[in-house]
Enquirer: 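Got a structure for you, written out below as structure tokens; questions coming shortly.
Predicted model, so just to flag it, every value in this text is computed and none were measured. The chain is numbered in sequence order, starting from 1.
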Amino acid sequence: SPPFSSFIVPSRPFLGHLLAPLLLYIYISTKRNQTHRSIACLPSSIYIDRRSKKMAMPPAEKVIVVDANPSKNGHGDKLDDLPVADETSHQIGVDPWYQVAFVLTTGVNSAYVLGYSGSLMVPLGWVGGTVGLLLAAAVSMYANTLLGRLHLLGGKRHIRYRDLAGHIYGPNMYKITWAMQYVNLFMINTGFIIIAGQALKALYLLVSADGAMKLPYCIAVSGFVCALFAFGIPYLSALRIWLGFSTIFSLTYIFAACVLSLKDGFRTPPRDYSIQGDPSSRVFTTIGAAASLVFAYNTGMLPEIQATVQAPVVKNIEKALWFQFTAGSVPLYAIIVIGYWAYGNQTTTYLLNNVTGPVWIKAVANLAAFLQTVIALHIFASPMYEYLDTRFGSKVGGPFAMHNVIFRVGVRGGYLAVNTLMAAALPFLGDFMSLTGALSTFPLTFVLANHMYLVANRQRLSSLQKSWHWLNIVFFTVLSITAAIAALRLIARDSKTYHIFADV
């Protein structure tokens, strides 16, 4: 049998080796759960409530709780009744797995999908685009599964990405991870406001051709509506029925875009699917498209989403991920493939600008895209809202107490005002999003996920498994650097073409 020290997962990499001779191994068996568990802790750091027969852990001391089976650590759900790594003002652990699945699917099938035919397939072509979509889905599913299995690491629920990074690496990495995640989500939210503004402008042009409603004005209206929605939804779990509306809105604009694209595709002459540009520019556009492939599937906030799911948290988040990457991704594949098939390399980055057909159908599709974006933005803004509410909000009264509503109006309104101002000033934000994606989405989703899993389970992984994780770490680090260089090149090129507050 393996030595006792192999059952211990220290809160710091070297702690187990120093303290292992002093630690006590306790065997526990309860009537409700016959699963054997091992508890490694200092004797003064653990209490047993004899009435409830439950273990209680003092908040000031670290108690390491792992499953008796070493392979379950960082993997299973044997211990779900655990304290949270840090306090929060938002609800956690209340949502069924299918609600979390719809949260993930809402992100995948947001109005961003209207641009993937042009931003992914046009620079990659049929072969590169199709293979890239499937590979990106596979590696994204794998990386997110690794991340989900670390949720209970060390005997606590890590409800934020930065909490998990801080637990594994220390306080400096806590701050770095929070900074990367904040910039990533801020840029995503700004992009959502731009997309909502584009949908609103397209809707306006369908009913009026005077051109009075410029894109910056539409973006301002979009930001205001997003703020109104944020005031009324206190936390991520409160979306509930709005996720149903989001699904209806997504299916509406995806179905409309697919049908109209199919109609245009059958009526138009053969399309040109060749990849445009000289060899050097094609290299950079291919790298940028690869970064967009990763962006299409990932949220950059899986621990925050997993925090809302009911126990068993690992099993349920894996159910939600399987739903996201199977049935939940079918609409994504449909609109990407049909859109590119219908218009070839002339596909724009907003597919509803390509389609022709009845005005009322296009109007409904654009309206649905606008409304869905309002809901999707709230998901990606929720980590920032949670931080502001927990750090500065009142602990008195319910979420709809007057003082708490006023607080949300002031704080969330200010946050979205900054988002909206940047969206209006830089409507060609896609280049900047490529840069931040390269510098934050890749590290958060792939580099950190593999390395954290490697550190947490390094005593249990074989040499082959360790090599596999290091291969992922090195590959995605190189890809992140090259994607950042490609994004800087695009920024330098487009800065000569566009001006701030442009009506593009």
Side-chain angles (χ1 to χ4, degrees), residues 90-114 116 144 185 188-189 192-193 195-196 199-200 203 222 225-259 296-299 301-302 304-311 313 316-335 352 360-361 363-383 385-386 398-400 408 412 416:
H90 287 196
Q91 281 189 348
I92 63 171
V94 297
D95 298 341
W97 73 266
Y98 50 83
Q99 179 171 329
V100 176
F102 275 98
V103 170
L104 295 170
T105 304
T106 295
V108 170
N109 293 302
S110 68
Y112 274 109
V113 301
L114 294 170
Y116 290 154
N144 280 283
L185 296 177
I188 291 174
N189 293 332
F192 271 125
I193 295 176
I195 294 175
L200 201 58
L203 178 62
S222 301
V225 175
C226 289
L228 290 180
F229 187 78
F231 301 157
I233 307 297
Y235 34 75
L236 188 58
S237 292
L239 279 173
R240 290 189 175 89
I241 191 173
W242 292 105
L243 295 172
F245 284 117
S246 174
T247 301
I248 294 173
F249 294 147
S250 296
L251 293 177
T252 298
Y253 59 72
I254 290 175
F255 182 76
C258 288
V259 170
Y297 294 105
N298 295 284
T299 61
M301 50 175 284
L302 186 72
E304 286 82 357
I305 294 176
Q306 188 175 6
T308 68
V309 75
Q310 296 173 351
V313 293
N316 282 339
I317 197 63
E318 290 185 356
K319 285 182 181 180
L321 287 170
W322 275 112
F323 182 87
Q324 174 196 349
F325 285 97
T326 53
S329 296
V330 170
L332 169 77
Y333 297 138
I335 193 170
L352 293 178
W360 71 270
I361 294 180
V364 169
N366 279 290
L367 180 61
F370 172 78
L371 295 174
Q372 197 276 345
T373 299
V374 173
I375 300 173
L377 182 146
H378 191 81
I379 294 174
F380 288 88
S382 61
Y385 296 161
E386 188 273 335
F400 293 102
R408 288 200 297 272
R412 297 185 183 186
L416 289 174

Enquirer: Tell me, do T373 and S222 make a side-chain contact under 4.5 Å, heavy atoms counted?
Expert: no
Enquirer: Can you give me the closest heavy-atom contact between M301 and S382, atom names plus distance?
Expert: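 In terms of heavy atoms, the two residues are closest at CE-OG, 3.5 Å.
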Enquirer: Other residues, nucleotides and ligands only: do more than 12 of their heavy atoms fall within 6.0 Å of OH on Y235?
Expert: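 Yes, enclosed.
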Enquirer: What is the ring orientation for F229 with W242, classed by angle as parallel under 30°, tilted 30 to 60°, or perpendicular over 60°?
Expert: perpendicular
Enquirer: Of all the heavy-atom pairs spanning R240 and V94, show the shortest one and how long it is.
Expert: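 Smallest heavy-atom distance, with atoms named: NH2-CG2, 4.3 Å.
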Enquirer: Excluding sequence neighbours, so at least two apart, what forms side-chain hydrogen bond (donor to acceptor under 3.5 Å, both in side chains) with Y385?
Expert: none
Enquirer: Taking all heavy atoms of Q306 and all of I317, pick out the closest pair and write down the distance.
Expert: NE2-CG2, 3.4 Å
Enquirer: Any chance CZ of F231 has more than 12 other-residue heavy atoms, nucleotides or ligands included, within less than 6.0 Å?
Expert: yes
Enquirer: Let me confirm one number: the CD1-CD distance from I92 to E386, rounded to the nearest 0.5 Å.
Expert: 9.5 Å
Enquirer: Donor-acceptor check, side chain of N109 to backbone of T247, threshold 3.5 angstrom: yes or no?
Expert: no
Enquirer: If the condition is side-chain hydrogen bond (donor to acceptor under 3.5 Å, both in side chains), which residues does Y297 pass it with, not counting sequence neighbours?
Expert: Y333
Enquirer: With sequence neighbours excluded, tell me which residues meet side-chain hydrogen bond (donor to acceptor under 3.5 Å, both in side chains) with S237.
Expert: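 Expected list: D95.
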Enquirer: Quick one: pull up CG in L114 and CD1 in I254 and give me the separation to the nearest 0.5 Å.
Expert: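 Atom-to-atom, L114:CG and I254:CD1 are 7.5 Å apart.
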Enquirer: Could you label the plane-to-plane angle of the F380 and F192 rings as parallel, tilted or perpendicular, counting under 30° as parallel and over 60° as perpendicular?
Expert: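 Tilted, since the angle between the ring planes falls between 30° and 60°.
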Enquirer: For R408, enumerate each residue passing the salt bridge (charged side-chain N to carboxylate O under 4.0 Å, His left out) test, keeping only those at least two apart in sequence or located in another chain.
Expert: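 By the salt bridge (charged side-chain N to carboxylate O under 4.0 Å, His left out) rule, R408 matches no residue at all.
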Enquirer: State, to 0.1 Å, how close A257 and I335 come at their nearest heavy-atom pair, and which atoms those are.
Expert: CB-CD1, 3.9 Å
Enquirer: Hey, could you give me the OH/SG distance between Y253 and C258, rounded to the nearest 0.5 Å?
Expert: 11.5 Å
Enquirer: Could I get the full list of side-chain hydrogen bond (donor to acceptor under 3.5 Å, both in side chains) partners for Y98, not counting sequence neighbours?
Expert: none
Enquirer: Given side chains that start at C-beta, do those of L371 and I375 come closer than 4.5 Å, heavy atoms only?
Expert: no
Enquirer: Of all residues at least two apart in sequence or in a different chain, which pass the ring pair (Phe, Tyr, Trp, His ring centres under 6.0 Å) check with W97?
Expert: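 Scan of W97 (ring pair (Phe, Tyr, Trp, His ring centres under 6.0 Å), adjacent residues dropped) gives none.
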Enquirer: To check you understand the geometry: which heavy-atom pair defines the closest contact between L239 and I233, and what is its length?
Expert: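 Heavy atoms of L239 and I233 come nearest at CD2-CG2, 4.1 Å.
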Enquirer: Within a strict 4.5 Å, meaning less than it, do heavy atoms of the E304 and L236 side chains meet?
Expert: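 Not touching, per the 4.5 Å side-chain cut-off.
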Enquirer: Are the ring centres of F249 and F370 closer than 6.0 Å?
Expert: no
Enquirer: Nearest 0.5 Å, please: how far is CD1 in I195 from OG in S110?
Expert: 6.0 Å
Enquirer: Is any side-chain heavy atom of L416 closer than 4.5 Å to a side-chain heavy atom of L377?
Expert: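 In contact.
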Enquirer: Do Q310 and V100 have side-chain heavy atoms sitting under 4.5 Å apart?
Expert: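 They are not in contact (no side-chain heavy atoms under 4.5 Å apart), so the answer is no.
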Enquirer: So which heavy atom on V108 is nearest to which on V113, and how close?
Expert: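 Closest approach of V108 to V113, heavy atoms only: O-CG1, 3.2 Å.
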Enquirer: Is there side-chain contact between L321 and L302, with heavy atoms separated by less than 4.5 Å?
Expert: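 Yes; the side chains approach each other to less than 4.5 Å.
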